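Residue numbers start from 1 in every chain, and the chains themselves are labelled A, B, ... in the order their sequence lines are given, proteins ahead of strands. Just so it is clear, the structure is predicted and the values come from calculations on it, not from any experiment.
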Number of protein chains: 2
Amino acid sequence: MADHSVPEIVIGRLPIYLRTLELFAKEGKTITSSQELGERLGFSSAQIRKDLSFFGEFGKQGTGYNIEYLQEQLREILKVDRVWGMALVGAGDLGHALAHYRGFEPRGFRLAAIFDNAPEKIGTRIGDLRVHAIADLPRVLREMKLKIAILAVPADVAQNIAHQLVEAGICAILNYAPLHLTVPARVKVYDIDPVVGLQGMAYYL
Amino acid sequence: MADHSVPEIVIGRLPIYLRTLELFAKEGKTITSSQELGERLGFSSAQIRKDLSFFGEFGKQGTGYNIEYLQEQLREILKVDRVWGMALVGAGDLGHALAHYRGFEPRGFRLAAIFDNAPEKIGTRIGDLRVHAIADLPRVLREMKLKIAILAVPADVAQNIAHQLVEAGICAILNYAPLHLTVPARVKVYDIDPVVGLQGMAYYL
DNA sequence: TAGATTGTTAATCGATTAACAATC
DNA sequence: TAGATTGTTAATCGATTAACAATC
């Protein structure tokens with residue numbers, strides 16, 4: 001189960017299923033079906049059943065899926081049945097917004113260290129975290145055994161810092177810098193560039 | 001050219017090509033090739049040529065692509081050869097970060113109005129924009145003829161506000177709320193949920 | 001010219017969906 | 001039981017890639 005032959009596009013949908021199950025649970029639902037989930041998300045019910053079938057059998061014929069149980073299973077598959085510490089690099093406006101975001105912890109993530117290179121920021125506190133110098137990246141990341149980093153620095157220094165993150169043992173980077181990072185194949189990168197989204201939509205205007 | 005039969009997945013890559021061409025130009029390059037672009041981005045050169053071929057012939061055999069010219073063409077195709085005004089709904093931490101972001105304007109977008117429902121925020125200024133009450137959405141959006149909105153409000157009010165945006169004539173929504181919005185088919189939505197990205201990467205840890 | 005690279009076709013590859021037996 | 005929904009197969013659909021003639 002959950003072997004490496006599961007297509008990446010399937011993995012990418014699981015967090016969306018999980019998020020929607022959490023919403024259903026909050027709405028007081030206890031049971032759902034691939035059809036109901038699909039209608040809410042704009043996916044076909046067949047796709048949802050197929051995606052889940054890569055990992056096991058989680059439903060009951062004639063009834064559907066127990067929401068609580070399917071949430072547990074998806075969290076386990078995605079390895080978010082725990083809380084991952086993350087490094088944040090970049091304490092600008094975006095860095096501050098991320099540092100104050102309350103949505104990480106309930107979904108498996110928590111900021112554990114913040115880095116920036118501006119002398120006036122180093123040593124200050126954001127929430128309950130101290131801002132470290134980027135020179136301290138290797139030491140702090142290894143001490144805290146962090147595997148995930150959020151990159152929220154200007155584009156012109158992002159590739160350089162990405163390299164340092166990889167050197168320091170980071171395996172996954174949430175990249176807010178508006179460029180493609182070149183990293184070793186074993187390192188995962190997920191890009192967030194709002195303008196890419198906006199430009200894609202502008203085509204249809 | 002540029003008709004509606006171009007796959008959405010192709011449209012989604014054009015902004016990434018454009019972004020990289022801008023980087024190349026900044027690095028002083030004037031010519032590139034599908035191979036060079038592909039190597040930088042991790043795409044095959046064939047894919048890049050095929051994607052571009054939906055819209056015309058922009059290259060020269062034996063030489064490649066003039067970067068300046070291809071940028072112009074992509075901007076025209078994507079309709080970002082102009083600057084689109086956008087409404088921002090939600091003046092929290094994220095809203096402030098977006099309001100201060102300098103990366104929109106050079107790539108075809110500009111915040112034109114900000115809305116929030118907190119009485120203590122209404123009437124205050126963020127940058128050079130006044131914060132309007134959400135009740136003023138229909139009037140202001142129509143007056144300014146805005147077609148694009150950024151939704152940066154808590155999840156529990158996002159669907160309701162999305163509906164108001166659509167009613168007020170919005171055609172494209174950049175959605176930062178962590179849930180799937182239900183909107184008419186003619187309205188485009190692009191979702192940004194950092195936790196979805198993180199959870200997808202956590203699977204591979 | 002020789003070398004390089006495009007634009008395009010056809011083949012391959014992979015993802016989605018329709019359909020249905022199994023069964024709750 | 002009758003109705004509903006799963007998990008899975010096979011068919012369909014769509015996207016990617018390899019290959020190459022055209023040509024700069």
Is B:T63 close enough to C:dT5 that one of its side-chain N or O atoms is under 4.0 Å from OP1 or OP2 there?
no

Rounding to a whole Å, what distance do you find between A:D51:CG and D:dT6:P?
13 Å

Side-chain (A:D116) to main-chain (A:A91) donor-acceptor, under 3.5 angstrom:
yes

Going through the checks in order, is the salt bridge (charged side-chain N to carboxylate O under 4.0 Å, His left out) test met by B:R142 and B:E167?
CA-CA 10 Å; B:R142 287 188 193 285; B:E167 285 292 302; over 6 Å; no

Heavy-atom nearest nucleotide on DNA chain D for A:A46 versus A:G62: which residue maps closer to 5'?
A:G62

In whole angstrom, give the distance that lies between atom CZ of A:F43 and atom P of C:dT16.
9 Å

Atom CG of B:L70 and atom P of C:dT6: how far apart are they, to the nearest Å?
11 Å

Between C:dG7 (P) and B:K50 (NZ): distance, integer Å
13 Å

Which residues, if any, of residues 15-41 of chain A bring a heavy atom under 4.0 Å of DNA chain D?
A:S33, A:S34

Could you give the CG-to-P distance, from B:N66 to C:dT5, as a whole number of Å?
15 Å

Here the distance between atom C1' of C:dT5 and atom OH of B:Y65, to the nearest Å, is 8 Å

Scanning all shown strands, the Watson-Crick or wobble mate of C:dT6 with both distances under 3.5 Å is D:dA21

Among A:I126, A:L98, A:V89, A:I122, find the residue that satisfies the side-chain contact (heavy atoms from CB on, under 4.5 Å) test when tested with A:I114.
A:I126

Hey, does the side chain of B:R13 come within less than 4.0 Å of D:dT16's phosphate (OP1/OP2), counting only N and O?
yes

Presence of salt bridge, B:E57 and B:R49, under 4.0 angstrom:
no

Decide, yes or no, whether a salt bridge links B:R40 with B:E36 under the criterion of side-chain N to carboxylate O below 4.0 Å.
no

Atom-pair distance (CD on A:E57; P on C:dT23), nearest Å
10 Å

Report the distance from atom CD1 of B:I67 to atom P of C:dT6, rounded to the nearest whole Å.
12 Å

If you compare every side-chain N and O of B:S44 against the phosphate oxygens of D:dT16 (OP1, OP2), does one of them come in below 4.0 Å?
no

With nearest nucleotide decided by heavy atoms, which residue, B:S45 or A:Q47, maps closer to the 5′ end of DNA chain C?
B:S45

Does a nitrogen or oxygen in the side chain of B:R49 sit under 4.0 Å from OP1 or OP2 of C:dG7?
no

Is the cationic atom of B:K79 (NZ for Lys, CZ for Arg) positioned less than 6.0 Å from the six-membered ring centroid of A:Y203 and within 45 degrees of its normal?
yes

Got a sec: does the NE2 of B:H100 have more than 12 other heavy atoms crowding it under 6.0 Å?
yes

5′-ward residue of the pair A:G64/A:S53 relative to DNA chain D:
A:G64

Among D:dT23, D:dT17, C:dC24, which is the nearest nucleotide to the side chain of A:Q61?
C:dC24

